[in-house]
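For reference, the structure is listed below as structure tokens.
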Amino acid sequence: MRDDIYDLRSALKVLQNIPGEYREIKQPADLDAEMIGYYHKMGARGTSHRPTKLGPMMMFTNVKDHPDARVAIGVMGTRERVGHLLGEPADRLPHFYNDCLKKLVDPVEIPSDQAVCHEEVHLATDPDFDLFKLLPVPKTTPRDAGPYITMGLCYASDPDNRAERNAAVHRLCIVGKDEMVMGFGGYRHMGVFRDKAFAKGQNFPISVNIGLDPALYLASSFEPPTTPLGFDELTVAGAMRNRAVELTRCVSIDEMCIANAEIVIEGELLPDCQIKEDINTGSGRGLPEFPGYSGPARACPVFKVKAVTFRKNPILQTCIGSSEEHVNMAGIPNEASILTSANAAEPDHCG
């Protein structure tokens, strides 16, 4: 367990001090598949065959049309890197996850004026508000439906019991100046909360948190039955650091957000309102999925953005669908769940 990582920037500082784990790209990089294509070849590996290898995470510091922002990719791109970030041997990570499930740490709320995610506030009512200009969101391939946020940790509450919350990564495609569409892979907890709100004819408020302590992303990937409905995955992240995750009130919606996130997008899912992901491009494609193929563009619920808040000089964190980073985020929690089941069946063989 590490006690020197509490946000994305402190995690990057750790990786910078480990040979071969961090690479900074200072030459100009285009969001239209250029930077992702570079990482594809240099370090993504993953679930589909391609001419690549495992390589360092990459930080792009010269993003075209976004002079004040940076883009990070591959922060959790190898199992050994995940081990470095959690302070545990790579082969013991499932055991560490399960240990953390036994000592959960609840999040705590801090005042908005102490939250670095609120250093800059952009309201959708501002005359120049435009998601395309505010956010340096890259395309994975030239035929993607649009720019996709792939590392947005969505945080929301049960409309029937606001004390129960869920954290999960969902993909979001920008389709307008203040609109995105949100993908739902399967019927997970966030979908249950959404449907409760929609059944009441209510909008469903969500904070989308980008650029986080890796423990938050790694904890959020637990699935049922390990984490039942209403389970707040941020309690696992707190256990991973032995420190409560700090939350703060959103500025435009009735929801909480991660206080030290690099970027927070605040908004609401709208009932009875869907748009196809490729409404602007007509590409017919979504983006590369976990197995490696490019899935079809889908009609998804509309996410109406109310505000975007930043840290100064924000870092947008992103992930390739068919990469080793995705394998780690989805796979290690499943290993932990399988280990729990195996231990129950054969306790003397799975220690």
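Note that the structure is a prediction, hence the values are computed from the model and not measured.
- Distance alone, capped at 3.5 Å, is enough to place a donor-acceptor pair between the Thr281 side chain and the Ala145 backbone.
- Hydrophobic clustering of Ile, Leu, Val, Met, Phe, Trp and Tyr side chains at less than 4.5 Å, counting indirect connections, unites Val14 with Leu86.
- Between Phe231 and His189, the ring centre distance reaches or exceeds 6.0 Å.
- In this structure, CG on Asp178 lies 10.0 Å from OG1 on Thr125, to the nearest 0.5 angstrom.
- Judged by distance alone, the side chain of Asn328 and the main-chain N or O of Met76 form a donor-acceptor pair under 3.5 Å.
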In sequence, state the C-alpha distance, the side-chain angles, and the governing distance for Arg92 and Asp99, and then conclude on salt bridge (Lys or Arg N to Asp or Glu O under 4.0 Å).
CA-CA 11 Å; Arg92 294 291 298 173; Asp99 290 343; 5.8 Å; no
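- Here the CE atom belonging to Met151 is positioned 10.0 Å from the CD1 atom belonging to Ile210, to the nearest 0.5 angstrom.
- Tyr22 and Asn17 form no side-chain donor-acceptor contact under 3.5 Å, judged by distance and modelled atom types alone.
- Of all non-hydrogen atoms in Tyr39 and Gly77, the two that sit nearest each other are OH-CA, 4.2 Å.
- Under the 3.5 Å distance criterion, the side-chain polar atoms of Thr309 are left unmatched by any main-chain donor or acceptor of Val121.
- Contact between Asp68 and Pro314 at its shortest, heavy atoms only, is O-CD, 3.6 Å.
- Within the 3.5 Å criterion, the main-chain N or O of Ala336 finds a donor-acceptor partner in the side chain of Asn98.
- Salt-bridge check for Arg79 with Glu324: failed, with every basic side-chain N at 4.0 Å or more from each acidic carboxylate O.
- Taken together through direct or relayed side-chain contacts under 4.5 Å among Ile, Leu, Val, Met, Phe, Trp and Tyr, Val251 and Leu134 form parts of separate hydrophobic clusters.
- Ile253 and Val208 fall into different hydrophobic clusters, where Ile, Leu, Val, Met, Phe, Trp and Tyr are joined by side-chain heavy atoms under 4.5 Å apart, directly or via other members.
- What you find for Ile174 and Leu131 is that their closest heavy atoms are CG2-CB, 3.9 Å.
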Run the side chain to side chain contact (heavy atoms under 4.5 Å, CB included) check on Met182 and Arg171 step by step: do they pass?
CA-CA 6 Å; Met182 182 171 171; Arg171 79 191 203 191; over 6 Å; no
Does the pair Glu335 and Tyr97 meet the rule for a side chain to side chain donor-acceptor pair (under 3.5 Å), with working shown?
CA-CA 9 Å; Glu335 291 176 27; Tyr97 273 56; over 6 Å; no
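- For CG of Asp272, the number of neighbouring non-hydrogen atoms (other residues, nucleotides, ligands) closer than 6.0 Å is 12 at most.
- Among Met240, Glu88, Arg241, Arg243, the one residue that satisfies the side chain to side chain contact (heavy atoms under 4.5 Å, CB included) test with Met1 is Glu88.
- Side-chain atoms of Glu119 come within 3.5 Å of backbone N or O of Lys312 as a donor-acceptor pair.
- Glu255 places a side-chain N or O within 3.5 Å of a backbone atom of Ser157 that can act as its donor or acceptor partner.
- Side-chain atoms of Thr318 do not come within 3.5 Å of backbone N or O of Ile73 as any donor-acceptor pair.
- Residues Phe60 and Leu316 have side chains not in contact (no heavy-atom distance under 4.5 Å, counting atoms from C-beta outward).
- Judged purely by distance below 3.5 Å, without hydrogens or angles, the side chains of Tyr6 and Glu246 never pair a donor atom with an acceptor atom.
- The structure places CD of Glu233 at 14.5 Å from OH of Tyr217, a figure rounded to the nearest 0.5 Å.
- Electrostatic pairing of Arg2 and Asp213 does not count as a salt bridge here, judged by no charged N lying under 4.0 Å from a carboxylate O.
- Between Ile36 and the options Asp144, Thr141, Leu287, Thr140, a side chain to side chain contact (heavy atoms under 4.5 Å, CB included) holds for only Thr140.
- Classified by interplanar angle (parallel below 30°, tilted 30° to 60°, perpendicular above 60°), the ring pair Phe184/His170 is tilted.
- Here the closest heavy-atom approach between residue Thr248 and residue Cys117 is recorded as CG2-SG, 4.1 Å.
- Contact record, Cys257 with Cys250: CB-SG, 3.9 Å, taken as the closest heavy-atom pair.
- Between Lys196 and Asp158 a salt bridge is recorded (basic side-chain N to carboxylate O distance below 4.0 Å).
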Applying side chain to side chain contact (heavy atoms under 4.5 Å, CB included), run through Leu31 and Val137 and close with a yes or a no.
CA-CA 7 Å; Leu31 293 173; Val137 182; 5.9 Å; no
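- With hydrogens and angles ignored, the 3.5 Å screen pairs a side-chain donor or acceptor of Glu266 with a backbone N or O of Ser252.
- Checking side-chain atoms of Ser112 against main-chain N and O of Arg249 turns up no donor-acceptor pair under 3.5 Å.
- Atoms NZ and CG, on Lys13 and Asp7 in that order, are 9.0 Å from each other to the nearest 0.5 Å.
- Nearest approach of Ala237 to Ala215, heavy atoms of both residues: CB-O, 3.8 Å.
- Val192 is connected to Ile206 through a chain of hydrophobic side-chain contacts under 4.5 Å among Ile, Leu, Val, Met, Phe, Trp and Tyr, so both are in one cluster.
- The number of heavy-atom neighbours closer than 6.0 Å to NZ of Lys177, taken from other residues, nucleotides and ligands shown, is 12 or below.
- For Ser221 (side chain) and Met329 (main-chain N/O), a donor-acceptor pair under 3.5 Å exists by modelled atom type.
- Hydrophobic cluster membership differs between Phe204 and Val302, with clusters built from Ile, Leu, Val, Met, Phe, Trp and Tyr side chains linked at under 4.5 angstrom.
- Annotation: the span from Cys154 atom SG to Phe193 atom CZ amounts to 13.0 Å, rounded to 0.5 Å.
- To the nearest 0.5 Å, atom CZ of residue Arg81 and atom CD1 of residue Ile18 are 9.5 Å apart.
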Apply side chain to side chain contact (heavy atoms under 4.5 Å, CB included) to Asp232 and Leu104, showing your working.
CA-CA 10 Å; Asp232 188 344; Leu104 304 175; over 6 Å; no
